[in-house]
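Throughout, a chain's letter reflects where its sequence line sits, starting with A, and its residues are numbered from 1.
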Amino acid sequence: MFNDNPQFKDRLARLEKWRAAGVDPFGRRTDGIMSTRVVRDLHTPETPHDGGPAARVAGRIVLLRDIGKLIFLTIVDSTGRLQIGVAKQLMAAHWDKVKLLELGDIAWFSGKLGHTKTGEITLWADDFGLSAKAMLPLPDKFHGLADMELRHRQRYLDLAANPESMEVFVARSRIIQMIREFLHRRDFIEVETPMMQSIAGGAAARPFMTHHNALDIDLFMRISPELYLKRLLVGGMERVFEINRNFRNEGIDTRHNPEFTMMELYQAYSDLSGMMELTESLIADLAADRRRAIMPQPPGESPSAVRLPYGSRMLDFTPPFKRISYNELFERHLGVNMLDEAGVRKAAVSHDVADVDKKAAAVLVGELFERLVEPTLHDMDAPVFVFDYPAGLCPLTRRKPDNPAVAERFELYVAGMELANAYTELNDPFVQHETFSAQLAGLKEEESMAKMDHDFITALAHGMPPAGGLGIGIDRLMMLLLNRTSIRDVVLFPQLKPLPAEQSAAAGSPPAA
RNA sequence: GAGGCCGUAGCUCAGCUGGUAGAGCAACAGACUUUUAAUCUGUGGGUCCUGGGUUCGAUCCCCAGCGGCCUCACCA
């Protein structure tokens with residue numbers, strides 16, 4: 001049953017002892033439970049060694065030291081750990097039962113707060129209950145779970161055994177909450193738009209396909225919510241945002257998960273510079289909050305400095321962020337203006353770009369930028385806004401009034417990652433119709449933005465207010481703020497290849513016993 | 001998709017030049033009323049990822065496969 005873990009049968013025997021003692025090993029509702037954090041905070045220098053305030057806590061037993069007529073055990077809940085002291089003289093009525101507890105069990109304890117002679121805050125228990133019997137053993141109580149594959153496949157064990165992993169996901173929730181609060185303060189409303197779309201628009205990426213049986217139509221998992229959020233601008237929602245999943249059918253690595261969380265927002269009557277202000281303010285706020293959470297202010301550092309560790313480096317999120325134009329970077333590294341088509345083609349040839357003659361100049365600019373400029377952004381230890389992109393790369397973007405070859409777009413790079421992407425949105429239905437029709441030479445069809453969406457054009461034809469739009473990759477933001485170099489460490493259940501047993505189960509044969 | 005590294009007890013890891021495998025924790029039996037990864041005594045526990053090959057003999061060498069991590073490619 002469950003698996004062939006050799007310790008399962010030992011725990012089965014223990015389970016029968018609980019039943020023989022009249023206890024349902026899988027307990028029920030328990031009221032009056034306080035978090036271990038709250039209980040720890042109840043303890044003051046004036047708290048007596050025992051007989052302090054009454055409290056009730058619950059959690060999983062992660063350490064257990066049975067010293068005969070006295071048992072110390074450590075429980076963990078979502079806020080941390082607490083030592084429980086169980087003395088026979090205080091727990092005489094339930095002594096035989098408390099002796100049945102073992103590592104991994106989930107239990108609640110009532111008692112009075114105090115501490116031991118070494119000063120450890122301890123709840124001296126006089127009553128307890130078994131909330132859930134653990135039938136399988138937990139990972140090593142000291143080393144935790146180190147196997148990255150098991151940490152991802154069985155995230156519950158990672159969370160239960162590795163406090164730093166729990167901290168990441170608790171912090172992730174807090175950061176997302178702060179983003180919502182930040183946007184609500186600015187009068188944005190949160191919406192949900194379709195994840196299943198008949199046209200996978202709004203970005204250039206390969207979509208997943210699925211099928212609706214009753215309608216007998218193929219649908220795509222969305223690669224972006226953009227075209228739906230803009231429809232809401234047409235409808236009169238002037239500030240909307242969505243925090244939700246996008247799906248892209250591409251490679252998996254330390255920066256890419258097939259489903260990833262994106263925050264996308266649109267603000268009517270704003271533009272690129274409005275998005276820049278908003279982005280800088282939001283990111284700097286979040287970084288400052290993390291900064292306060294993780295370490296004391298280093299001596300001698302300015303109180304306004306916001307520096308966070310990331311891998312082996314320190315990232316500086318102190319506003320204002322650097323701003324540099326795409327062309328300035330391009331010229332610096334290529335020695336040619338991005339709008340000088342002849343010069344760009346020459347540079348592409350000299351840098352051995354493939355099929356130069358078959359590609360649009362803007363595609364060449366993009367390739368050269370990625371190859372020669374982006375690596376230099378990787379070495380920068382502070383966020384950088386790169387703005388004013390070649391128009392050909394940004395079909396959904398408004399052009400600069402004084403130069404139609406340049407699009408009002410920025411990307412925010414941090415440590416080489418594209419963290420945010422923003423635009424002055426295109427609201428001209430005629431231009432939009434054109435860009436949906438035109439296929440840029442040198443791009444694969446599935447990677448192109450040219451996917452005609454008549455319904456969206458119709459929406460624009462009714463009038464969309466001018467707007468600024470912004471997208472922030474939430475998972476990458478978490479990596480940077482929480483100092484994780486793999487996206488799998490900030491996504492609770494990252495996509496992994498199925499195990500052989502799961503493959504055969506999916507094919508219809510029974511799962512391994 | 002390419003390359004490098006890795007897969008040994010429930011967990012964390014050793015295992016030399018090829019001679020049928022070890023430690024700590026966990027488990028089991030016992031002792032212990034202030035422990036801190038408690039300690040002490042004793043015991044059990046293995047598809048060495050899978051399948052081939054070489055060899056008298058393979059956890060170890062070779063080939064293929066599966067899975068993981070990292071780097072690169074791909075990637076609005």
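- Ring planes of Trp124(A) and His49(A): tilted class, angle from 30 to 60°.
- For His143(A) against C11(B), no side-chain N or O and base N or O form a donor-acceptor pair under 3.5 Å.
- Between the base of U35(B) and the side chain of Gln83(A) there is a donor-acceptor pair shorter than 3.5 Å.
- Using cut-offs of 30° and 60° for the angle between ring planes, the Tyr326(A) and Phe369(A) rings count as parallel.
- His115(A) comes within contact range of no nucleotide atom at all, as no heavy-atom separation falls under 4.0 Å.
- Within the 4.0 angstrom heavy-atom criterion, no nucleotide atom of any strand lies near Arg81(A).
- Judged by the 6.0 Å distance and 45° axis criteria, Arg231(A) is positioned over the aromatic ring of Tyr228(A).
- Leu63(A) comes within contact range of the sugar-phosphate backbone alone, with a heavy-atom separation under 4.0 Å but no base atom that close.
- Across all strands, Thr254(A) comes closer than 4.0 Å only to sugar-phosphate atoms, never to a base (heavy-atom distances).
- In terms of position on RNA chain B, the residue among Trp124(A) and His152(A) whose nearest nucleotide sits closer to the 5' end is Trp124(A).
- Listed by first and then second residue, the salt bridge (Lys or Arg N to Asp or Glu O under 4.0 Å) pairs involving residues 140-152 of chain A are Glu149(A)-Arg153(A), Arg151(A)-Asp158(A) (not counting sequence neighbours).
- Side-chain atoms of Asp140(A) come within donor-acceptor range of the base of G24(B), with a qualifying N/O pair under 3.5 Å.
- Of the side-chain N and O atoms in Arg11(A), none sit less than 4.0 angstrom from OP1 or OP2 of G10(B).
- Where Glu226(A) and Gly68(A) each meet RNA chain B at their nearest nucleotide, the meeting point lying more 5' is that of Gly68(A).
- Between the NE2 atom of His256(A) and the P atom of U71(B) there is a distance of 12 Å, given to the nearest Å.
- Using Watson-Crick or G-U wobble geometry with both donor-acceptor distances under 3.5 Å, U50(B) finds its partner in A64(B).
- Following rounding to the nearest Å, Leu150(A) (CG) and C6(B) (P) show an atom-to-atom distance of 19 Å.
- Remark: C1' of C28(B) and CG of Asn5(A) are 14 Å apart, rounded to the nearest angstrom.
- Of the residues in residues 483-491 of chain A, Ser486(A), Arg488(A) come within less than 4.0 Å of RNA chain B through at least one heavy atom, sorted by number.
- Among the heavy atoms of the strands lying under 4.0 Å from Asn421(A) is at least one base atom, whether or not backbone atoms are also near.
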Under 3.5 Å, side-chain donor or acceptor atoms of residues 411-420 of chain A against the rest of the protein: list the pairs with distances, not counting sequence neighbours.
unit_1, atom_1, unit_2, atom_2, d
Glu411(A), OE2, Arg409(A), NH2, 2.5
Tyr413(A), OH, Glu374(A), OE2, 2.8

